[in-house]
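Each remark here refers to the structure printed beneath this line.
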Amino acid sequence: MERILVTGGAGFLGSHLCDSLLAKERDVICIDNFFSGNKDNIRHLFSHPYFELIRHDIIHPIFLEVDKIFHLACPASPIHYQYNAIKTVKTNVMGTINMLGLAKRTKARILLASSSEVYGDSKVHPQKESYWGYVNPVGLRSCYDEGKRVAETLMMDYNRQNKVDIKIARIFNTYGPRMAINDGRVISNFIVQSIRGEDLTVYGDGSQTRSFCHVSDLIQALLRMIETDNFTGPVNLGNPKEITILELAEKIIMLARSKSKISHKPLPPDDPQQRCPDISLAKKKLGWEPKKDLEEGLSETIEYFKKALSPNRKSSR
Ligand code: NAD
Ligand code: UDP
């Protein structure tokens, strides 16, 4: 049976990936230091015979025998990755070196969860993989943006120098159940605010755009990517349907049947004005494109947050 390592497996994306791999009858080892992940995301797997959890920080080396590695460990929301910016850089640099070292020793194929943030405040639209990006190297988002850029560099150099079998996935904004309530990302914020009857906090005038991919579509793409031979990427994975943040706020109020209003707050520094993936490469190489409709996905996510916010629900790390 194939043994698959998922770093960051207790996080939002990682926990859904563990579920899908176990459903495909793979042996799964999940590594997490629970910085932004949560045991509740994987508690249902604790008694699964093919699931193993290791509490470990990937900035330290680890010796395991594995066949494939999904390398997702890294805080993803601005609040989390800016909480300890130096640690974010260490996770991306030392953590990725450790995982590449493991891949080299075990000859495991490794997939990096990179990010659309490598494009920064993009000057081209929509973003293609060939665009080199417009990133501030000294700003508040740099620990994450430059961290992901150097993680990609490391992947390519281990591939060129040591023939490590690599895959680079550039993930665009993804949403769905198990996003952390307090992670400050726009969809979790707006849904929590609309359930609590608080104002939805639109940063700036709300004309900035994002495109949101449902987690179920994204996980399918990651699974296809790791099974695709002779293709390292980078490849954009996301939903090309673009929406302004103001429209998103109005949609969530409507779907949650909430009485909340919208209020405006200052736009954070270096907040990209437009973001939308060109996914023609993913369509061609992986035969993949997202299917889930935004309204349907948001409604499901609203139901998840209603349960997660119920007063008798406990959480633990
Ligand atoms: P998340 O914060 O929910 O999950 C990240 C997980 O990694 C958490 O469980 C956290 O505890 C763990 N982790 C962080 N640092 C670690 C370390 N040093 N050692 C061990 N574990 C560590 O975030 P997510 O949304 O699930 O994102 C997963 C990956 O996908 C990240 O690499 C992120 O950069 C990337 N990504 C996500 C999105 C998105 O929209 N969700 C977009 C682009 C890229
Ligand atoms: N945003 C907002 N209100 C919030 C949280 C975020 O208007 O409560 C905006 C944010 O300024 C950005 C967009 O929503 O323009 C997406 O933010 P998020 O942090 O989810 O992701 P990223 O900026 O990394 O795409």
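It should be emphasised that the depicted structure is a prediction, and the values quoted were computed from it without experimental measurement. Counting starts at 1 for both ligands and their atoms, following the listed order. Because only heavy atoms are used, hydrogens play no part in the values below, and waters and symmetry mates are left out as well, while side chains stay in.
Of the candidates Thr7, Asp57, Leu13, it is Leu13 that places a heavy atom closest to atom 30 (O) of ligand 1. Across the listed options Val192, Asp271, Val186, Asp271 owns the non-hydrogen atom lying nearest to atom 10 (C) of ligand 2. Of the candidates Ala76, Gly37, Ala151, Cys74, the one placing a heavy atom closest to atom 5 (C) of ligand 1 is Cys74. In this comparison of Ile42, Val118, Ile187, Ile171, the heavy atom closest to atom 42 (C) of ligand 1 sits on Ile171. Closest heavy-atom approach to atom 9 (O) of ligand 1 within the set Asp32, Thr96, Asn38: this belongs to Asp32. Nearest to atom 23 (O) of ligand 2 by heavy-atom distance, out of Arg275, Met179, Arg141, Gln274, is Arg141.
With respect to the salt-bridge test (charged N to carboxylate O, under 4.0 angstrom), the residues Asp278 and Lys128 qualify. Remark: Lys251 does not engage Glu247 in a salt bridge, criterion side-chain N to carboxylate O under 4.0 Å. Residues Arg105 and Glu65 are paired through a salt bridge, judged by an N-O separation under 4.0 Å between the basic side chain and the carboxylate. A salt bridge does not link Asp199 with Lys265: every distance from a Lys NZ or Arg NE/NH1/NH2 to an Asp or Glu carboxylate oxygen is 4.0 Å or more. Taking 4.0 Å as the cut-off between side-chain N and carboxylate O, Glu227 and Lys167 do not count as a salt-bridged pair. In this structure, Glu2 pairs ionically with Lys68, as a charged nitrogen and a carboxylate oxygen lie closer than 4.0 Å. A salt bridge links Arg149 with Glu146: at least one charged nitrogen is closer than 4.0 Å to a carboxylate oxygen. A salt bridge is absent between Lys241 and Asp293: the closest approach of a Lys/Arg side-chain nitrogen to an acidic carboxylate oxygen does not fall below 4.0 angstrom.
Backbone and side-chain nitrogen or oxygen atoms of Tyr144 are examined, and one is located within less than 3.5 angstrom of a nitrogen or oxygen of ligand 1. Checking only distances, Lys87 never comes within under 3.5 Å of ligand 1, N or O to N or O. Checked against a 3.5 angstrom limit, the closest N/O atoms of Phe35 and ligand 1 fall inside it. The shortest N/O to N/O separation between Lys148 and ligand 1 falls below 3.5 Å. Taking only nitrogen or oxygen atoms, main chain and side chain alike, Phe12 reaches within less than 3.5 Å of ligand 1. Checked by distance only, ligand 1 and Ile31 stay at 3.5 Å or farther apart across all their nitrogen or oxygen atoms. Ligand 2 has no nitrogen or oxygen under 3.5 angstrom from a nitrogen or oxygen of Gln193.
Within the 4.5 Å cutoff, side-chain heavy atoms of Ser207 are placed close to those of Gln273. Considering only heavy atoms from C-beta on, Asp19 comes within 4.5 Å of Leu45 through its side chain. Counting only heavy atoms from C-beta outward, the side chains of Phe231 and Leu286 approach each other to under 4.5 Å.
Scanning both residues, Arg55 and Asn33, for their nearest heavy atoms gives NH1-O, 4.3 Å. When all heavy atoms are compared, the tightest approach of Asn38 to Asp40 is OD1-N, 2.9 Å. The minimum heavy-atom distance between His125 and Cys276, with the atom names listed, is CE1-CB, 3.6 Å. The two residues Met179 and Phe305 have their closest heavy-atom pair at O-CZ, 3.6 Å. Scanning all heavy atoms of the two residues, the minimum distance from Leu237 to Ala282 falls at CD2-CB, 4.1 Å.
Only the side chain of Gln208 comes within 4.0 Å of ligand 2, judged by heavy-atom distances. Counting heavy atoms under 4.0 Å from ligand 1, residue Glu117 does not touch it at all. The proximity of Ser114 to ligand 1, defined as any non-hydrogen pair under 4.0 Å, is limited to the backbone.
Distance from atom 3 (N) of ligand 2 to its nearest protein heavy atom, with residue and atom name: Thr201 O, 2.6 Å. The protein heavy-atom contact nearest to atom 41 (N) of ligand 1 is Arg185 NH1, 2.8 Å. Residue, atom and distance of the protein heavy atom nearest to atom 40 (O) of ligand 1 are Thr174 N, 2.9 Å. From the protein, the heavy atom lying nearest to atom 7 (O) of ligand 2 is Tyr203 N, 2.7 Å. Nearest protein neighbour of atom 8 (O) of ligand 2, counting heavy atoms only, is Asn189 ND2, 2.8 Å. Closest to atom 19 (N) of ligand 1, if we only count protein heavy atoms, is Ile58 N, 3.0 Å. Atom 22 (C) of ligand 1 has Asn33 OD1, 3.0 Å as its closest protein atom, hydrogens excluded (heavy atom only). Nearest protein neighbour of atom 13 (C) of ligand 2, counting heavy atoms only, is Ile245 CD1, 3.6 Å. In terms of protein heavy atoms, atom 28 (C) of ligand 1 is closest to Leu72 O, 3.6 Å. Looking from atom 1 (P) of ligand 1 to the surrounding protein, the closest heavy atom is Ser36 OG, 3.8 Å.
Each of the atoms 11 (O) of ligand 2 lies under 4.0 Å from some heavy atom of Pro268. For ligand 2 and Asn173, the ligand atoms under 4.0 Å from any heavy atom of the residue are 21 (O), 22 (P), 25 (O). Per-residue contacts place Arg185 under 4.0 angstrom from the following atoms of ligand 2 (heavy atoms of the residue considered): 19 (O), 20 (O). Close approach to Phe34 involves these atoms of ligand 1, each under 4.0 Å from a residue heavy atom: 11 (O). Residue contact check: Asn173 has heavy atoms under 4.0 Å from atoms 40 (O) of ligand 1. Of all the atoms in ligand 1, the ones that sit under 4.0 Å from a non-hydrogen atom of His56 are 19 (N), 20 (C). Those atoms of ligand 1 that come under 4.0 Å of a heavy atom in Gly11, given as number and element, are 3 (O), 4 (O), 8 (C), 9 (O). Distances below 4.0 Å separate heavy atoms of Gly184 from the following atoms of ligand 2: 5 (C). Near Pro78, with a cut-off below 4.0 Å to any heavy atom, the atoms of ligand 2 are 19 (O).
Using a non-hydrogen distance threshold of 4.0 Å, Lys90 does not register as a contact of ligand 1. Residue contact annotation: Ala249 has no non-hydrogen atom under 4.0 Å from ligand 2. Ligand 1 has no atom lying under 4.0 Å from any heavy atom of Tyr175. Not close to ligand 1: Gly9, with no non-hydrogen atom less than 4.0 angstrom away. In this structure, Gly95 falls outside the shell of residues with a heavy atom less than 4.0 angstrom from ligand 1. Between Glu117 and ligand 2 there is a heavy-atom distance shorter than 4.0 Å.
By the 30° and 60° cut-offs, the orientation of the rings of His48 relative to Tyr50 is tilted. Relative orientation of the His214 and Tyr175 rings is perpendicular, given thresholds of 30° and 60° on the angle between their planes.
Separation of atoms OH (Tyr203) and CG (Asp271) is listed at 9.5 Å; rounding is to 0.5 Å.
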Worked check of side-chain hydrogen bond (donor to acceptor under 3.5 Å, both in side chains) between Asn92 and Tyr81: CA-CA 11 Å; Asn92 276 304; Tyr81 71 65; over 6 Å; no
